[in-house]
2 protein chains.
Amino acid sequence: MNGTETGAKKRVVIVGGGFAGAYAAQALERTLRGRDDVELLLFCRENYTVFQPMLPEVISGTIGLTDVVTPLRRMLKRTHVHVREIESIDVANKTVSVAAGFRPHAHVQPYDHLVLAPGTVTDFRGLTGLPEHALPFKNLADALELRSRVIRALEEADVEGDDPELRRQLLTFVVAGGGFSGVEVVAELNDFVRHVAKLYRRIDPREIRVVLVHAQDRILPEMKPKLGAFAQKILRRAGVELMLGYRLHAATGESAVLAGPEGRVHVPTKTLVSTIPASPHPLVDSLALPKTKNGRLIVDGTLRVKEHDDVWALGDCASVPTRDGSPCPPTAQHATRQAKLVAENIAAALAGDGPLRTFDFKGLGKMGSLGRRKAVAEIFGLSISGFLAWFLWRTIYLAKMPGWGRRLKVATSWTLDLFLEPELVELRLGGAGGAVHEHFEPGQKVFSEGELGDRVYILLSGRAEVVRRQIDGGGGGEQTVAVLGPGECFGEMALLESAPRNATIRCVEPMTVLSIPKREFGLLAANVPGLRASFEQVNARRLAQGAVQ
Amino acid sequence: MNGTETGAKKRVVIVGGGFAGAYAAQALERTLRGRDDVELLLFCRENYTVFQPMLPEVISGTIGLTDVVTPLRRMLKRTHVHVREIESIDVANKTVSVAAGFRPHAHVQPYDHLVLAPGTVTDFRGLTGLPEHALPFKNLADALELRSRVIRALEEADVEGDDPELRRQLLTFVVAGGGFSGVEVVAELNDFVRHVAKLYRRIDPREIRVVLVHAQDRILPEMKPKLGAFAQKILRRAGVELMLGYRLHAATGESAVLAGPEGRVHVPTKTLVSTIPASPHPLVDSLALPKTKNGRLIVDGTLRVKEHDDVWALGDCASVPTRDGSPCPPTAQHATRQAKLVAENIAAALAGDGPLRTFDFKGLGKMGSLGRRKAVAEIFGLSISGFLAWFLWRTIYLAKMPGWGRRLKVATSWTLDLFLEPELVELRLGGAGGAVHEHFEPGQKVFSEGELGDRVYILLSGRAEVVRRQIDGGGGGEQTVAVLGPGECFGEMALLESAPRNATIRCVEPMTVLSIPKREFGLLAANVPGLRASFEQVNARRLAQGAVQ
């Protein structure tokens with residue numbers, strides 16, 4: 001049968017715990033007050049909602065690391081919050097399949113009305129090396145990871161005094177995407193790095209590069225040219241290098257490969273953030289519902305998905321028409337207004353008393369922080385820049401944070417920040433790492449002769465050469481002793497024998513490898529039938545042939 | 001040659017960034033002010049020093065997650081801080097070997113004077129199942145991990161409404177060790193869980209168990225019996241269950257196995273913290289220097305290691321004699337005084353103007369927080385308990401935190417905490433998980449028939465039976481279709497075929513397995529020569545035999 005049981009409670013299932021989903025649930029709680037016959041269920045990946053506009057502040061730690069997010073259970077008093085991902089949706093049978101938790105069994109939950117608000121994802125698939133080496137900047141974990149990587153890079157640069165190439169990689173920070181998100185991230189990142197680097201005695205401030213990569217000829221294309229130009233001036237003055245007209249083409253573990261007006265440019269870096277592209281959420285992607293070319297769900301003005309009376313969509317996953325026909329921009333102010341409307345319309349649909357209301361909101365304005373008490377804003381048609389815009393930015397966003405307690409905490413942190421130094425604690429979390437993919441570009445070394453063996457590699461695509469230093473004959477030359485292709489493994493010898501690497505592996509054709517850490521390889525090699533034997537065979541054959549690793 | 005080069009700077013190397021090491025470096029900076037001929041190097045695992053007495057407050061998030069630690073670079077202005085582990089020490093040649101960073105090559109650093117202060121570690125080796133399933137509580141990552149696990153358990157309990165066994169495991173929290181650390185952890189944990197559980201609509205407060213396990217017949221053995229008894233009363237009143245006379249014997253993924261007066265007791269739990277045992281740091285363990293029976297370095301009253309003029313030790317890794325001959329207790333107040341003394345004595349040794357001073361500090365007192373504005377304290381011979389002791393605890397520790405900025409932040413957080421609700425954000429960090437060990441006790445299921453396959457297992461020791469539901473014959477019985485022993489793998493079928501588990505695996509003899517996540521297995525099986533083939537062979541053989549997984 002369809003939906004929840006007849007006679008039983010009606011059920012509204014909300015998918016997504018971002019601003020759109022969380023506020024939709026909150027608005028439904030208000031609109032349905034007193035109606036015990038409706039049950040609200042919200043499914044989300046994390047138990048909090050992220051206040052996106054303030055996420056970049058996590059990088060510098062200006063506000064408490066968890067104050068930028070709001071626990072959903074504090075916002076929602078009546079909704080059942082399930083911190084579980086949805087694996088699939090069956091629109092015909094009106095059910096959602098919930099991913100497993102501790103116990104690996106799936107749940108299927110029926111619904112009467114479905115509210116889709118999973119947002120978008122930063123999807124690096126298909127972009128060479130990006131899934132392996134670039135960081136997205138979407139949620140709290142991304143922001144904390146970026147912060148930790150920046151501090152780690154500074155710590156390493158302070159120790160690795162005599163390796164100029166490695167220092168260049170460590171001390172260059174690249175952000176791709178010159179929209180609001182990218183600009184705010186690069187501004188915070190730049191302020192933070194330049195401020196704390198003073199504490200590292202062996203880092204010369206002139207060694208630090210912070211680069212913003214943007215495909216168009218000016219940043220903040222959403223704003224008036226005057227404000228974009230102002231933002232560029234402020235960022236440049238603060239030390240940010242703007243690479244306009246460049247696109248992020250590929251990434252390796254030690255460089256960002258940019259495509260620009262004069263061809264490819266390699267920027268050495270170990271810290272690469274990309275705020276683009278914003279792709280449809282995989283769940284939306286998999287649904288057979290009407291979508292726009294860029295994968296957003298087509299809804300009518302009432303936020304109902306075309307041809308489906310019981311499926312609603314809002315927020316970044318939906319293409320919501322405004323009165324003039326153009327779609328709503330993906331901002332928090334639009335999401336919260338849509339949330340209110342969808343709640344009213346669902347209540348009306350449940351009660352059977354139409355007609356439904358139509359979305360009608362023009363937007364109040366746009367704001368972007370540039371760090372160091374500067375911002376740009378367009379509000380009620382006015383263009384504002386500098387300190388006043390920054391003051392507005394803070395005041396408006398503070399007022400928009402959910403919950404008084406959180407506002408108080410953030411206001412206090414901001415006050416203390418006026419006279420305290422930024423935080424410098426590197427939070428290293430995360431357990432044992434498993435196998436990962438890595439991408440290499442021609443000329444790049446995977447490892448060098450003489451180094452300690454800490455990983456084993458399997459070449460998945462591309463080609464590499466095995467190179468040894470020439471001992472006899474002198475002259476410091478080198479000799480290529482073998483070329484490796486897909487399916488071949490390398491680096492196992494140093495692990496099996498606990499000796500330093502006896503050759504250098506250098507990429508010849510762009511290649512992707514599976515990289516297995518020493519601990520993981522040890523665990524598996526010791527216990528998986530046939531694995532160690534298989535590697536030992538390769539090893540023995542190579543020794544016999546005089547080839548090397 | 002020995003030490004650093006003649007004519008060049010003298011070098012003091014400090015190993016460890018805890019209170020002892022960090023304060024030793026700070027004291028050396030002061031004592032050696034103006035002496036440019038001495039270089040200070042400090043090696044530490046993290047770039048901050050943890051203020052241990054306040055670490056439990058991270059669980060509830062009362063104070064900012066990073067305010068409980070101090071970045072070393074803020075404390076130390078002249079010392080070169082290297083965030084690297086030391087792999088080995090060569091006392092004869094006066095060098096330390098530094099672990100690799102991003103580039104896998106080791107550094108060797110010479111020293112003139114060596115200061116050892118790596119502290120102790122919570123070492124679960126040799127304790128069945130503890131390395132796999134128990135959490136230590138030593139550093140910031142441990143505290144954050146515990147906090148996240150507690151929130152995760154509550155989230156899961158809220159969803160898994162119809163599995164009473166799983167709910168019991170999720171809603172029971174066990175802390176082992178009734179010393180200061182264990183008592184403070186259990187008090188904070190209990191307050192936090194009981195407070196936030198109110199936000200979970202499907203959790204009945206009576207389902208929550210918080211258990212403190214302690215081998216002796218009263219907790220806080222370091223204090224007077226009266227104060228221990230007071231602490232017990234306060235904890236019990238707050239809802240903590242005390243299991244006195246019990247020792248943590250083993251652990252599995254779903255229970256703590258305790259050894260008590262009447263034999264073994266299994267406490268179902270998914271959250272087990274153990275603050276014991278405190279074992280010597282592996283680095284100290286590996287040194288051929290004179291040590292006490294419990295592995296602490298034997299130093300004389302000047303903090304010099306016996307028979308070594310240039311090796312000094314302090315803090316928890318050293319057995320420092322007091323005037324009456326008994327060793328110093330491992331507390332922060334002793335460590336900071338030792339730090340001052342070691343700095344003076346090293347300065348005197350460098351200048352060649354003896355005699356060295358001898359350690360002489362009796363300790364000011366002891367304090368332990370019991371949560372909810374209660375504590376116990378012994379100060380200047382007085383026993384204090386309740387609110388006054390708690391007020392003293394806060395005031396004294398606040399005054400002892402390094403840095404005014406941090407004190408201000410903590411004082412502010414404490415003030416806000418008086419009228420704000422505790423934080424509930426689950427920080428989920430950490431990347432892709434690799435293979436891990438898991439321990440199972442007899443009767444425990446690894447997985448059940450019909451569940452989704454999310455891991456592959458290799459049995460390393462012990463025995464398990466493969467059980468299937470009886471279909472023909474009826475009656476809901478089950479049939480043992482095979483017994484598995486060391487070296488055998490199971491669970492691969494559900495992964496290879498993407499079907500639900502077609503049998504239950506139940507432990508028969510205590511067993512340890514290597515557990516490989518689906519993603520990891522997929523990556524490896526697709527690419528490692530021979531691995532997939534080897535699993536497929538096993539699978540085919542089993543299918544042919546009619547045996548099952």
Side-chain angles (χ1 to χ4, degrees), chain A residues 46-48 61 64-66 69 71 73-74 80 82-84 100-106 140-141 144-145 151 155-156 159-160 163 166 199 201 405 408-409 412 416 420-421 423-426 428-436 451-452 454 458 460 514 520 523-524 527-531 534, chain B residues 46-48 61 64-66 69 71 73-74 80 82-84 100-106 141 144 151 155-156 159-160 163 166 199-201 405 408-409 412 416 420-421 423-436 451-452 454 458 460 514 520 523-524 527-531 534:
Chain A
E46 307 289 350
N47 79 345
Y48 51 79
L65 299 184
T66 56
V69 301
R73 289 177 197 280
R74 290 242 177 269
H80 294 287
H82 286 210
V83 185
R84 288 280 175 92
F102 274 135
R103 283 279 156 85
H105 53 88
L140 186 56
L144 288 174
E145 171 71 22
I151 299 177
E155 295 291 352
E156 285 291 313
V159 175
E160 299 278 6
D163 187 335
L166 179 56
L199 290 168
R201 209 159 311 103
L408 181 60
K409 278 191 184 176
T412 310
L416 291 179
L420 294 185
E421 295 291 316
E423 201 45 86
L424 183 69
V425 172
E426 184 195 352
R428 254 189 289 181
L429 296 173
V436 292
E451 285 181 352
L452 302 175
D454 59 351
I458 297 167
L460 304 182
L514 184 68
E520 184 79 358
L523 269 180
L524 294 169
N527 300 303
V528 174
L531 180 61
S534 143
Chain B
E46 307 288 351
N47 78 346
Y48 52 79
L65 298 184
T66 56
V69 300
R73 289 177 198 281
R74 290 243 176 267
H80 294 287
H82 286 210
V83 185
R84 287 282 174 91
F102 274 135
R103 282 279 155 86
H105 53 88
L144 288 173
I151 299 176
E155 295 291 351
E156 285 291 311
V159 175
E160 299 278 4
D163 187 335
L166 180 57
L199 290 169
Y200 294 79
R201 209 160 311 104
L408 181 60
K409 278 190 184 176
T412 310
L416 291 179
L420 294 185
E421 296 290 317
E423 200 45 86
L424 184 69
V425 173
E426 184 195 353
L427 283 179
R428 255 188 290 180
L429 297 173
V436 293
E451 286 180 353
L452 301 175
D454 59 351
I458 297 167
L460 304 182
L514 185 68
E520 183 78 1
L523 268 182
L524 294 169
N527 301 303
V528 174
L531 180 62
S534 144

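Side chains are part of it too, since the values below use all heavy atoms of this structure and drop only hydrogens, waters and symmetry mates. Sequence lines set the chain letters: A, B, ... in the order given, protein chains first and strands last, and positions in each chain run from 1.
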Using a 4.5 Å cut-off on heavy atoms from C-beta on, say whether the side chain of B/Ile458 contacts that of A/Leu524.
no
Under 4.5 Å, counting heavy-atom pairs only, tell me which of B/Ile151, B/Leu408, B/Val69, B/Val159 racks up the most with chain A.
B/Val159
Quick one: are A/Glu155 and B/Glu46 in side-chain contact, heavy atoms under 4.5 Å?
no
Can you say whether A/Leu523 sits under 4.5 Å from chain B via the side chain, the backbone, both, or neither, judging by heavy atoms?
both
Testing the basics here: between B/Leu199 and A/Arg73, what is the closest heavy-atom pair and its distance to 0.1 Å?
CD2-O, 3.7 Å
Residues at least two apart in sequence or cross-chain that pass side-chain hydrogen bond (donor to acceptor under 3.5 Å, both in side chains) with A/Arg74, listed by chain then number, are none
Counting heavy-atom pairs under 4.5 Å with chain A, which one of B/Arg84, B/Arg201, B/Glu451, B/Lys409 comes out on top?
B/Arg201
